[in-house]
> 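I have a structure I would like to understand better, so I am pasting it below and will then ask my questions one at a time.
Residue indices begin at 1 and follow the sequence shown.
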Amino acid sequence: MKSRPVHLAVSLLLLSISAIAAIDRHALVSRFNPTRNASNPITPMQVGNGAFAFGADVTGLQTFLPFAIMSSWGWKNDSLPPGKTIEDVENYKGVSWDSHGRLVQYEFGGEASVQQWLISNPNRVNLGRVGFLFFDARGEVLNITEQDLTNVQQELDLWTGTITSSFTFQGENVIVQTYSAQSTSTIGIKIDSPLVKSGRMGIFLDFPWNDGSAKFSAPFVGVFSATSNHTSVLRTGGGLGRNVEAEISHSLVNSTFITSIGGDKFTISRNSHAAHRYTLRPTGNGPSLSLSIAYSLDSPKSVLPFKSVANESKSLWAKYWSASGFIDVLTGSTDIRAHELQRRIILSRYLMRVNEAGDTPPQESGLVNNGWYGKFHMEMVFWHLAHWALWNNWDLLDRPISVYALFLTSSIQRAQLQERYHSGARWSKMTDPSGRSAPGEINELLIWQQPHPLVFAEYEYRAKKSKATLLKWLNVVNETANWMADFAWFNASTELYDLGPPMYVVSEDTSPNVTRNPAFELAYWRHGLDLAETWMERLQAPIPKVWTEVRQNLAPVPIENGLYAVYEGLEDTFWTDPAYINDHPSLVGLHGWLPPITNVSSEIAKATADKVYTSWNISNCWGLASDSTASSALTADNLFE
């Protein structure tokens, strides 16, 4: 009996601790809802689902600024270079370089026009533009600017993925809600305004020409004035999918993209046969217009109604915030930096969910605009994707890391048939959904992307600890480590295994023909082979002897003047030469990004990191110390200013 008060006290204490520890996630997320009263000229407000994103100006659509509608599936090939055929592309070969007695054939250095075509194709497409039209009392389109709007307010509800935009035009109020579906590439739009009822407000859809002529397309993607390069066709009436009232087929060379429109009653017409701009006008009697606009490669059997799009967005965003990892550094903190850190955490989590959770790894600028023709870079997938494992968002991570299994066959062919290695799979750097490597010295001589799948496999095993996971990754782990062991070459003079030359280091700024035994790559190679051996041990399978031989006898991480060196025999001027102290400071990843590794000294690593801090051009630095996204358009620091 005497124990009951004690038990009660303990129970109350535990309840109190639980109450204190509970995070009011909704309140904390909503505290950082971005707001605007004018468009940002280079950065849109976005809704999306990771594989599809819609960038909006301050009207909630793309009325004044042609921000992009991007996807992970929307790609096209340009016409072949003049005088070239598909056989020229299929038979293309680059140069062959000697690599320690092995003649390795690369894809760079071949016929110039075909090489450039292979670099820039396929390229990612901006699927279109959707904006508002305003009419006068006679039904003529008004030519207005953003300055003609008053009382402009816009807020992104992060918890539900809802952009709410409001403004006044010629004395009439307009309220717009914009959503993205989570299961399809569809936007939902609802407009409430007397201008809808009076017929003075409508919507336009426009479609740009896209090609691989520009490596970078930012802040806008595509050319809307090159109307003769492509075609579009409008269909209305019967024979369309359920809830589809109009369908526009947009063809660029040999690729066609479908835009399907459904919702409240409207009319739609093409402005001119010389353009790809269409005008949609509501025909209902009320002050409200709800539409769904879906994008796809084929005509859909149906399009989600607006309410379903909105409900999907609200439900799945709430689940995203509620059911995965969460960090509160703000509540109860007296540190003046806590607010800004919390803001960046929340906004970054939103941005990653919109831009970096598709069926393939994201490009450097996500789904905001295009960089490197829209292609993604396999060395950067760790920064773009590994955080999903740490937040326990395996539903989102499983999508893009599936490319390792998908690309395995082509990566084996690259290593063994093209480059003449004895075994293994060599993962590409700059690539696309086909898995083909884009030609280029850096693209084909960079190696630090190679161990990445071993880390992803390890993360998944830690999360699930199942034999199914071990078997799922087995072929990828095996072939990854096989090539790592084959790439390292035995140096008879040192009786150690060296990495390179030829190769590029992480920062891509050293001469590939003299780069030997780079510090970060050596440490990562050892870590990767450690992971691969552990994988086989878990399966109680034999460990290839060559893995152990190479791992145990890798060259030591190079040290110069008491600091780790980017590579062995580095020039004395390295720390003062602006050509070197830019871009990725890979040396800071030796201890911190990588876990403790045999023959990497934490003391020397710290001293090296201190030297980087005092010597590096931080203003031109792509960091290895945190999850980062290459495009400034995707940083939480400026997206919602």
> Any donor and acceptor pair, going by atom type alone, linking the side chain of N77 with main-chain N or O of N121 inside 3.5 Å?
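Between the backbone of N121 and the side chain of N77 there is no qualifying donor-acceptor contact (under 3.5 Å).
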> What's the spacing between E356 CD and Q363 CD if we round to 0.5 Å?
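The distance works out to 9.5 Å.
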> Pair D298, I258 - check side chain to side chain contact (heavy atoms under 4.5 Å, CB included), show working.
CA-CA 6 Å; D298 301 299; I258 305 297; 5.6 Å; no
> Side-chain atoms of residues 187-195: list all donor-acceptor pairs with protein atoms under 3.5 Å, sequence neighbours left out, distances to 0.1 Å.
unit_1, atom_1, unit_2, atom_2, d
D192, OD1, S288, OG, 3.1
S193, OG, N173, O, 2.7
S193, OG, L195, N, 3.0

> Please round to the nearest 0.5 Å and tell me the distance separating atom OG of S180 and atom CD of E312.
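These two atoms lie 8.5 Å from each other.
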> When you measure from the side chain of N355 to the backbone of L367, do you find a donor-acceptor pair of N or O atoms at a distance under 3.5 Å?
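Checking the backbone N and O of L367 against the side chain of N355, a donor-acceptor pair under 3.5 Å is found.
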> Between T236 and E245, does any side-chain donor sit less than 3.5 Å from a side-chain acceptor?
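Not at all, the side chains of T236 and E245 share no donor-acceptor pair under 3.5 Å.
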> Could you check if a side-chain atom of Y373 sits within less than 4.5 angstrom of a side-chain atom of S217, using non-hydrogen atoms only?
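The answer is no; the side chains never approach within 4.5 Å.
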> Indicate the atoms forming the closest heavy-atom contact of L234 with S269, along with that distance.
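Taking L234 first and S269 second, the nearest heavy atoms are CD2-CA, 4.2 Å.
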> Side chains of V141 and T279, heavy atoms from C-beta outward: is any pair under 4.5 Å?
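A side-chain contact under 4.5 Å is absent here.
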> For residues R436 and K375, determine if any side-chain heavy atom of one lies less than 4.5 Å from a side-chain heavy atom of the other.
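Result yes, sub-4.5 Å side-chain heavy-atom pair found.
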> For a quick test of reading the model, state the closest non-hydrogen atom pair linking G358 to S72 and the distance between them.
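Nearest pair, atom of G358 first, then S72: CA-OG, 4.4 Å.
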> How about F52 and W73: are their ring centres within less than 6.0 Å of each other?
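No, too far apart.
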> Run the side-chain hydrogen bond (donor to acceptor under 3.5 Å, both in side chains) test on S260 and Y295 for me, step by step, so that the C-alpha distance in whole Å, both residues' side-chain angles and the decisive distance to 0.1 Å come before the verdict.
CA-CA 6 Å; S260 305; Y295 299 86; over 6 Å; no
> Tell me whether the centres of the aromatic rings in F326 and W391 are closer together than 6.0 Å.
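Distance test on ring centres: not under 6.0 Å, no.
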> Answer with yes or no whether the side chains of Y179 and T186 bring together a donor and an acceptor at under 3.5 Å.
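Looking only at side-chain atoms, Y179 and T186 do not form any donor-acceptor pair under 3.5 Å.
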> Does F220 have its ring centroid less than 6.0 Å away from the ring centroid of F67?
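Between F67 and F220, which both carry aromatic rings, the centre distance is below 6.0 Å.
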> Is it possible for you to check whether R277 lies under 6.0 Å from the centre of the six-membered ring of F224, through NZ or CZ, and within 45° of that ring's axis?
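Judged by the rule (NZ or CZ under 6.0 Å from the ring centre, within 45° of its axis), R277 is not positioned above F224.
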> Are side-chain heavy atoms of F169 and I144 found at a separation under 4.5 Å?
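F169 reaches I144 side chain to side chain.
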> Excluding sequence neighbours, so at least two apart, what forms salt bridge (Lys or Arg N to Asp or Glu O under 4.0 Å) with R235?
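Once residues adjacent in sequence are excluded, the partners of R235 under the salt bridge (Lys or Arg N to Asp or Glu O under 4.0 Å) criterion are E247.
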> Does the side chain to side chain contact (heavy atoms under 4.5 Å, CB included) test come out yes or no for V253 and H230, once each step is laid out?
CA-CA 7 Å; V253 192; H230 52 129; over 6 Å; no
> Can the ring centres of W372 and F216 be said to be less than 6.0 Å apart?
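So the answer is yes for these two rings.
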> Would you mind reporting whether L205 and R129 have side-chain heavy atoms less than 4.5 Å apart?
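Contact flag for R129/L205 side chains = no.
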> Quick check, are the ring centers of H452 and W448 under 6.0 angstrom apart?
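Centroid distance H452-W448: below 6.0 Å, so yes.
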> Do the non-hydrogen side-chain atoms of S198 and E172 ever get within less than 4.5 Å of each other?
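No; the side chains remain at least 4.5 Å from each other.
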> Given side chain to side chain contact (heavy atoms under 4.5 Å, CB included), test L291 with F306 step by step and report yes or no.
CA-CA 6 Å; L291 295 173; F306 167 78; over 6 Å; no
> To the nearest 0.5 Å, how far apart are CG in N33 and OG1 in T160?
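One finds 8.0 Å between CG of N33 and OG1 of T160.
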> Quick one: are T164 and Q154 in side-chain contact, heavy atoms under 4.5 Å?
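A side-chain contact is absent here, since even the closest heavy-atom pair is not under 4.5 Å.
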> What pairs with T231 under side chain to side chain contact (heavy atoms under 4.5 Å, CB included), at least two apart in sequence or on another chain?
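For T231 the side chain to side chain contact (heavy atoms under 4.5 Å, CB included) partners, ignoring immediate neighbours, are S251.
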> Does NZ or CZ of K314 fall inside the cone over W321's six-membered ring, less than 6.0 Å from its centre and within 45° of the axis?
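Not flagged: K314 not positioned over aromatic ring of W321.
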> Name the orientation class of the two ring planes belonging to F382 and W593 (parallel below 30°, tilted from 30 to 60°, perpendicular beyond 60°).
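Correct class here is perpendicular.
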> Search all heavy atoms of G55 against all heavy atoms of Q62 and return the closest pair with its distance.
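Looking at all heavy atoms of both residues, the shortest contact is O-NE2, 2.9 Å.
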> Out of curiosity, L446 CG to M430 CE, how far, rounded to the nearest 0.5 Å?
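One finds 13.0 Å between CG of L446 and CE of M430.
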> Look at the side chain of S315 and the backbone N and O of N311, then say whether any donor-acceptor pair between them is shorter than 3.5 Å.
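No.
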> Please round to the nearest 0.5 Å and tell me the distance separating atom CG of L330 and atom CD1 of I23.
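Reported value, rounded in 0.5 Å steps: 11.0 Å.
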> Using side-chain hydrogen bond (donor to acceptor under 3.5 Å, both in side chains), reason through N369 and R124 one step at a time and then give a plain yes or no.
CA-CA 9 Å; N369 48 52; R124 199 182 301 244; over 6 Å; no
> Less than 4.5 Å apart, any side-chain heavy atom of S437 and any of T431?
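Not in contact.
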> Measuring from atom OG1 of T168 to atom CD of Q153, what distance do you get when rounded to the nearest 0.5 angstrom?
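Rounded to the nearest 0.5 Å, the OG1-CD separation comes out at 10.0 Å.
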> Could you give me the CA-CA distance, side-chain angles and deciding distance for V58 and E146, then say whether side chain to side chain contact (heavy atoms under 4.5 Å, CB included) is met?
CA-CA 9 Å; V58 79; E146 190 172 315; 3.5 Å; yes
> Looking at S313 and V309, would you say the former's side chain and the latter's main chain have a donor-acceptor pair under 3.5 Å?
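Pair absent, no side-chain N/O of S313 close to backbone of V309.
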